[in-house]
Amino acid sequence: MPAKIQPRTLKGFRDYPPAKMIPREWIIETARRVYRSYGFSPIDTPALEYLEILTGKGSAETDKQLYRFEDHGGRQVGMRFDLTVPLARFVAQHIQELGTPFKRYQIANVWRGENTQRGRYREFMQCDFDTIGTTSLSADIEMVLVINDLLSTLEVGEFTIHINHRGVLNGLLEKLDLADKATDVLRTLDKLTKIGEEKVRRELTETVGATDAQAEQLLDLSSLEGSNEKMLDEAEKLIAGNEVGELGIAGLRELIASVSATLPPQATDRIRFEPSICRGLDYYTGIVLETTLNDLPEIGSVASGGRYDNLANLYTNQKLPGVGASLGLDRLLAALEELGRLEQVQTTAEVFIPFFAAERRNDYLQLAAQLRAAGIGVEFFPDAKKLGKQLQYANRRGFRIALILGGDEFAAGECQVKDLATGDSQTVSLAEDAKAVIAEIRRVLGN
RNA sequence: GUGGCUGUAGUUCAGUUGGUUAGAACGCCGGAUUGUGAUUCCGGAGGUCGGGGGUUCAAAUCCCCUCAGUCACCCCA
């Protein structure tokens, strides 16, 4: 016999057994439902793109992480490393038929050949939603509302949506004559909450090359504290006289006012002006936001996004502004797991039918079919094993209810509906397409 | 990509200064009653000690390489 091939998965790539996949699908379905409730439509794009599509945007960093190869026809191709670049290509190619504003969501895997870490993989899923083709603040507001709906529905506890405007930062950079070092400065400031003020100050002066006075002003802005109103007032003073910055402040004020008018006060309190965040990506030009969980801030942002002026300028002359955000699926799952909010369920049906009377297979199948017709998920065990074994199986998988029928029950036209959580059992009639069984199941399930 | 730590059964881990056939718990399969599952009792399967090479009479244990995980940097979701 030849040696067996060792079963294994590639570094940074994962298997998802049912216990992992069931909560995963629950989050994805929730995201899908919320996105759709705002009129976002689904799209998908190929995993592979022409290399030039992906490298056009790419910084040296994303270029290094790109999975690339020559396909069987000699074409240079690459695997998408995010969903934004494919979206840009997609709208550049199809915007004529789609029309604007175009609202889309896309939930799909992306690949990056970077080093792995907890919560960081080489294959991971992004859950993006974007509104393309409008500069209206309505689209920005919607982005906040969607994130609020999503995280409220997922019951991850309280959360904070940190917002900023790139104009505020860019305004100050212009004023300080640091515009040419913008990328480095922003990247450093973004670390403020992570590494602290002193380290940021040192990095700004020593690595980035800012003067002490410049660093001081940048930190003055970044470390503002107090209510949103107070912080905005003070930020306004710091960037006074700079048009870009003043427009940014005005945009933030308007956004906060609109959200306050739309959401109840406790939801409005989730919004915090945070002058240090900027999102590493340099294509953002307006509002940027990140979302952290109050119980688990160290896990990082679980939903982030922002506004960009010109999504597709690499592929078309048509100007396509937009705003969008992405849900951090893996981080959310890690958070839910850590907060103990994931039920350990390995079944997708709630009702289990043990195969007990070996000669009555068709009767069991008929009952299962009647329940499914009533919208109840049913699993019928394939082997007529000992009842205890079958109930053990049902219990470990997390079934809610077992229907126990043996020769005695079939003879009497009855069925035991057993609540697996409590062990209680009710005997009901099988007559009239199992009407009474269905009613009892619904009662136990509580709906 | 750079550096630190880790790798023993499906899982969590023992395994002495290198020393015979590498252990436990939980899980899995079967049995203790062909009719009732988180408890009990008995039995069973399951390990190339991540992989390869080296040192040695002898390696899970020491050395090198490699693969994987993890942490920091980098970057970001």
Side-chain angles (χ1 to χ4, degrees), chain A residues 3-15 17 19 58-65 80-84 107-128 183-184 186-188 190-191 194-195 199 203 207 277-282 284 290-292 299-306 325-335 344 352-359 381 383-410 416-425 427:
Chain A
K4 295 295 182 198
I5 297 161
Q6 187 193 353
R8 54 185 184 153
T9 46
L10 281 166
K11 181 186 178 76
F13 289 73
R14 295 166 290 169
D15 282 328
S59 55
E61 198 60 41
T62 50
D63 263 24
K64 260 195 287 181
Q65 300 177 353
R80 61 179 175 218
F81 56 86
D82 70 9
L83 298 179
T84 306
I107 299 174
N109 278 335
V110 302
W111 297 270
R112 290 184 198 174
E114 68 176 328
N115 221 342
T116 56
Q117 240 177 79
R118 190 156 66 95
R120 294 178 63 177
Y121 307 96
R122 289 182 171 176
E123 177 182 66
F124 58 96
M125 186 165 271
Q126 291 196 327
C127 309
D128 281 25
T183 307
D184 288 341
L186 296 180
R187 188 172 292 153
T188 305
D190 203 40
K191 297 179 192 170
K194 209 173 161 187
I195 65 173
K199 284 186 178 170
E203 193 169 323
T207 312
I277 68 158
C278 61
R279 311 255 66 231
L281 301 170
D282 43 13
Y284 286 121
E290 294 186 352
T291 313
T292 55
I299 209 160
S301 175
V302 295
S304 355
S326 185
L327 183 68
L329 180 64
D330 287 302
R331 284 183 176 180
L332 263 177
L333 277 167
Q344 288 303 308
F352 178 76
I353 303 183
F355 191 2
F356 192 29
E359 70 290 354
F381 201 75
D383 302 301
K385 287 209 253 186
K386 286 182 65 173
L387 185 57
K389 292 289 173 197
Q390 297 192 55
L391 287 174
Q392 194 175 56
Y393 168 90
N395 183 51
R396 289 189 177 152
R397 300 286 161 131
F399 283 91
R400 301 279 305 278
I401 290 169
L403 300 183
I404 296 171
L405 304 89
D408 298 347
E409 283 80 2
F410 278 119
Q416 287 181 44
V417 179
K418 186 179 177 75
D419 181 339
L420 287 168
T422 63
D424 297 339
S425 176
T427 300

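We name chains A, B, ... by the order of the sequence lines, and we start the count at 1 in each one. These figures come from a predicted structure and were not determined experimentally. For the numbers below, each heavy atom of this structure counts, side chains included, while hydrogens, waters and symmetry mates do not.
Comparing B/rG4 with B/rU20, their P atoms are spaced 33 Å from each other, to the whole Å. Comparing B/rG47 with B/rC5, their P atoms sit 32 Å apart, to the nearest whole Å. B/rG30 sits 26 Å from B/rG23 when the P atoms are compared, rounded to a whole Å. Nucleotides B/rG52 and B/rC67 have their C1' atoms positioned 10 Å apart, rounded to a whole Å. The same atom, C1', is picked in B/rG27 and in B/rA38; the two are 14 Å apart, to the nearest Å. For the C1' atoms, the distance from B/rU70 to B/rC57 is 39 Å, rounded to whole Å. For the P atoms, the distance linking B/rC29 with B/rU39 amounts to 14 Å, nearest Å. The gap from the C1' atom of B/rG19 to that of B/rG15 amounts to 14 Å, rounded to the nearest Å.
Taking atom CG of residue A/Leu403 and atom C1' of nucleotide B/rU36, one finds them 13 Å apart after rounding to whole Å. Whole-Å rounding puts the A/Phe13 CZ to B/rG69 P distance at 10 Å. Between A/Asp408 atom CG and B/rU34 atom C1' there is a gap of 13 Å when expressed in whole angstrom units. Atoms CZ (A/Phe399) and C1' (B/rG37) sit 13 Å apart, rounded to a whole Å. Going from atom CG of A/Asn115 over to atom C1' of B/rA68 covers 12 Å, rounded to whole Å. Atom pair A/Lys389:NZ and B/rA38:C1' shows a separation of 14 Å (rounding to whole Å applied). Rounded to whole Å, atom C1' of B/rG10 lies 14 Å from atom CG of A/Asp15. The CD1 atom of A/Ile404 sits 9 Å away from the P atom of B/rG37 (whole-angstrom rounding).
Using a 4.5 Å heavy-atom cutoff, the side chains of A/Arg14 and A/Asp330 are in contact. The shortest distance between side-chain heavy atoms of A/Ser301 and A/Arg331 falls below 4.5 Å. Counting heavy atoms from C-beta outward, A/Phe410 and A/Leu405 have side chains that approach closer than 4.5 Å.
The nucleotide whose nearest atom lies closest to any side-chain atom of A/Leu420 is, among B/rA68, B/rC76, B/rG37, B/rG37. Considering only side-chain atoms of A/Gln126, the nucleotide from B/rG35, B/rA68, B/rA77 that sits closest is B/rA77. Checked against B/rG37, B/rG35, B/rA77, the side chain of A/Lys418 finds its nearest nucleotide in B/rG37. Comparing atom distances between the A/Thr116 side chain and each of B/rG69, B/rA77, B/rG37 picks out B/rG69 as nearest. Comparing atom distances between the A/Asn395 side chain and each of B/rA77, B/rA38, B/rG69 picks out B/rA38 as nearest. Listed candidates were B/rU70, B/rA38, B/rA72. Nearest to the side chain of A/Gln117 is B/rA72.
Between A/Gly407 and A/Arg120, it is A/Gly407 whose nearest contact on RNA chain B lies nearer the 5' terminus. Each of A/Met125 and A/Gln392 was matched to the nucleotide of RNA chain B holding its nearest heavy atom; the match closer to the 5' end belongs to A/Gln392.
Between A/Lys386 and the phosphate of B/rU33, there is no side-chain N or O to OP1/OP2 separation shorter than 4.0 Å. The side chain of A/Arg396 places an N or O atom within less than 4.0 Å of a non-bridging phosphate oxygen (OP1 or OP2) of B/rC28.
Among the heavy atoms of the strands lying under 4.0 Å from A/Gly423 is at least one base atom, whether or not backbone atoms are also near. Within the nucleic acid shown, A/Tyr393 has no heavy atom closer than 4.0 Å to any nucleic acid atom. If you check every strand for non-hydrogen atoms under 4.0 Å, A/Lys385 touches sugar and phosphate atoms only. Counting non-hydrogen atoms under 4.0 angstrom, A/Ser425 reaches nothing in the nucleic acid. A/Gly12 comes within contact range of the sugar-phosphate backbone alone, with a heavy-atom separation under 4.0 Å but no base atom that close.
Across A/Phe81 and A/Arg112, no two heavy atoms sit closer than the pair O-NE, 2.8 Å. Scanning all heavy atoms of the two residues, the minimum distance from A/Phe381 to A/Phe355 falls at O-CB, 3.3 Å. Heavy atoms only, all atoms of each residue included: A/Asp383 and A/Gln390 are closest at O-NE2, 3.6 Å.
Checked by distance alone, A/Glu290 brings no side-chain donor or acceptor within 3.5 Å of a matching partner on the base of B/rA77. One cannot find a donor-acceptor pair under 3.5 Å joining the base of B/rC71 and the side-chain atoms of A/Arg118. At a cut-off of 3.5 angstrom, the base of B/rU36 holds at least one donor-acceptor pair with the side chain of A/Gln416. Interface remark: the A/Glu409 side chain does form a donor-acceptor pair with the B/rG35 base, using a distance-only criterion of under 3.5 Å.
Note that CZ of A/Arg122 and NZ of A/Lys11 are 5.5 Å apart. Values are rounded to the nearest 0.5 Å. Distance check, rounded to the nearest 0.5 Å: CD of A/Glu409 to CG of A/Leu403 gives 11.0 Å. A/Leu10 contributes atom CG, which lies 15.0 Å from atom OH of A/Tyr121 (distance to the nearest 0.5 angstrom).
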Writing each nucleotide of RNA chain B 5' to 3' as (, ), [, ], | or . by Watson-Crick or G-U pairing under 3.5 Å yields (((((((..((((.....[...)))).(((((.......))))).....(((((..]....))))))))))))....
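Of the possible polar contacts, none joining the A/Arg120 side chain to the A/Gly12 backbone as a donor-acceptor pair under 3.5 Å is found.
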